[in-house]
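Data block below; observations after.
Predicted model, so just to flag it, every value in this text is computed and none were measured.
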Amino acid sequence: MAEVINMPRLSDTMEEGVVAKWLKKVGDKVEEGDILAEIETDKATMEFESFYSGTLLHIGIQEGDGAPVDTLLAIIGEEGEDISGLLNGEKSTSAETQDSASPQDDQEDTAAQADNSEAAGGEIPEGVEIVTMPRLSDTMEEGTVASWIKKQGDKVEEGDILAEIETDKATMEFESFYSGTLLHIGIQEGESAPVDAVLAIIGPEGTDVDAVLAAASGGGAKKEKTAEKETAGKSPEKEEAKDTSGEKSQSTLDGGRIFASPLAKKMAEDKGIDLSRVKGSGENGRIVKKDIEGYKEEAAPAAAPASKEQAAPAQAMPFVPAGEESTEEVKNSQMRKTIAKRLGESKFTAPHYYLTIEVDMDNAIASRGQINALPDTKVSFNDMVVKACAMALKKHPQVNTSWKGDVTVYNHHVHVGVAVAVEEGLVVPVLRFTDQMTLTQIGGQVKELAGKARNKKLTPQEMEGSTFTVSNLGMFGIQEFTSIINQPNSAILSVGAIVQKPVVKEGQIAVGNTMKITLACDHRTVDGATGAQFLQTLQHYLENPVTMLA
């Protein structure tokens with residue numbers, strides 16, 4: 001008898017999964033325990049094994065496609081077995097499920113989408129797909145269209161990059177899952193919209209877009225004539241101007257299309273640089289930040305020589321400062337808005353208090369010099385601080401906690417987040433199981449993740465799950481500061497610069513190197529004495545680095 005396999009719930013927070021890769025294909029023999037597919041969850045990509053033996057008769061979700069938990073994933077049974085009843089049952093179930101939800105909830109299921117629209121009073125034509133604003137990170141609530149790679153009227157193939165979407169964490173390329181013509185753009189460049197808002201419509205040329213939008217929003221077919229009316233009422237001059245502006249922003253001197261990062265476009269706009277005259281150094285000729293910074297305008301014609309009257313020195317006049325007052329409103333990015341929201345919530349919900357201690361760094365300086373003298377080895381002071389924190393957290397588990405209202409969550413693992421400053425704010429890549437890493441491993445991973453953060457290449461998984469955070473402004477000469485806790489952590493460490501100053505050693509004044517570190521604690525989970533003991537342990541490790549190598 002055939003067995004239906006649904007999309008599994010592979011993590012406690014998983015609501016939908018993406019099939020990263022099928023390891024079996026239709027017609028293959030499957031044994032109990034065989035790996036069927038690799039499923040990408042909200043936290044990781046995991047192997048999913050079969051609990052049944054038989055023949056793989058049907059695959060319900062293709063590679064790269066996503067679907068909610070409990071959606072039909074596959075059917076396993078005897079070779080030649082009739083599974084039409086199971087498939088029909090799945091389709092009707094999907095239609096019923098989606099009738100109670102928005103017709104935009106599942107872009108992959110065209111048939112269910114059509115059923116929804118019919119129930120709402122309209123019908124979406126066959127072959128027409130409504131593309132909604134995707135949820136590109138676990139915390140994303142709305143997205144901003146940084147740039148459209150395709151424009152209205154362009155042909156689109158499955159896998160083509162439609163647009164660059166700016167989330168609260170990064171700017172990501174969004175590819176099309178459908179082929180056809182880009183009939184409608186619902187969110188213009190620079191505009192923001194919630195997840196699941198209509199982003200675009202793809203389908204056959206000549207489709208009545210207004211009827212599709214009306215059907216999708218539940219407005220029925222009452223706006224069938226709107227498209228004709230609007231098309232007839234549009235001024236040819238406006239259409240021409242629109243087309244011209246599109247060509248200007250998307251073409252180069254040779255008529256090709258411009259590929260530029262959102263930051264490069266913004267810089268070019270601010271500096272008044274025509275992107276069509278800039279040569280890109282990025283992948284496939286893509287224009288990046290350094291191309292704008294290094295761009296030089298063609299030399300302007302030499303100014304006419306000044307006349308004798310102009311050359312003559314003018315009579316000295318009293319200096320009167322003059323100028324023009326001006327302001328500029330810059331739209332907040334998704335990252336900036338999310339940072340403001342999260343830090344505001346943390347500061348106003350978690351009762352912060354701060355503990356500061358001064359650490360003698362003479363031994364740390366000497367130890368670092370010896371370590372870096374070894375071939376192919378490079379360790380920073382920040383790496384030593386991260387390692388010391390990880391070891392101290394194992395000795396003081398109360399600091400490695402999260403407040404959850406009725407319960408306090410004790411994390412038995414240590415995942416240290418390292419705050420990295422990027423142009424638009426702050427991101428916190430996470431070093432997993434930091435206590436098990438060596439200093440050189442910490443250094444290598446911090447360098448890799450920081451580079452990805454600055455290039456906006458961090459994945460959501462690389463920014464999730466921290467149990468403690470380190471923020472270091474010492475490289476900027478800041479000697480002491482306090483940080484806002486990165487929730488759900490209970491504490492964050494602020495690291496200042498190493499300063500050379502007179503210190504007292506064995507009753508004598510000597511030149512020493514000290515560094516101030518400040519621990520911000522959530523008083524709901526970490527009491528003052530606990531925070532102080534944690535800092536004492538941390539100080540011991542930093543002042544005696546050999547103990548971290550034992």
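A salt bridge is defined here as a Lys NZ or Arg NE, NH1 or NH2 lying under 4.0 Å from an Asp or Glu carboxylate O, and Glu141 with Arg135 fails to meet this definition. Glu166 and Lys456 are not joined by a salt bridge, as no carboxylate oxygen comes within less than 4.0 angstrom of a charged side-chain nitrogen.
Distance check: Arg524 CZ to Trp403 CH2 gives 6.5 Å after rounding to the nearest 0.5 Å. A distance of 4.5 Å separates CD in Glu173 from CD1 in Ile161, rounded to the nearest 0.5 Å. Atom OG1 of Thr525 sits about 10.0 Å away from atom CG of Asn489, to the nearest 0.5 Å. Put simply, NZ on Lys452 and NZ on Lys447 are 15.0 Å apart, with the number rounded to the nearest 0.5 Å. We find the OH-CD distance between Tyr178 and Glu157 to be 15.0 Å, quoted to the nearest 0.5 Å.
Applying the side chain to side chain donor-acceptor pair (under 3.5 Å) criterion to Ser483, with sequence neighbours excluded, gives Ser494. Qualifying salt bridge (Lys or Arg N to Asp or Glu O under 4.0 Å) partners for Lys331, counting only residues two or more places apart in sequence or in other chains: none.
Side chain of Ser346 to backbone of Arg342: no donor-acceptor contact under 3.5 angstrom is found. Looking at Glu189, its side chain does come within 3.5 Å of a backbone N or O of Trp148 through a donor-acceptor pair.
Aromatic ring orientation, His415 versus His413: tilted (interplanar angle from 30° to 60°).
Considering all non-hydrogen atoms of both residues, Lys155 and Glu205 come closest at NZ-OE2, 2.8 Å.
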Next on the checklist: Walk me through whether Val156 and Thr181 qualify under side chain to side chain contact (heavy atoms under 4.5 Å, CB included).
Outcome noted: CA-CA 6 Å; Val156 178; Thr181 300; over 6 Å; no
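The stretch residues 72-86 participates, sequence neighbours left out, in these salt bridge (Lys or Arg N to Asp or Glu O under 4.0 Å) pairs: Lys29-Glu79.
Side-chain contact, Ser50 with Asp34: no donor N or O sits under 3.5 Å from an acceptor N or O.
With Ser490 as reference, Thr401 is the one residue of Thr408, Thr467, Thr401, Asn411 to meet the side-chain hydrogen bond (donor to acceptor under 3.5 Å, both in side chains) rule.
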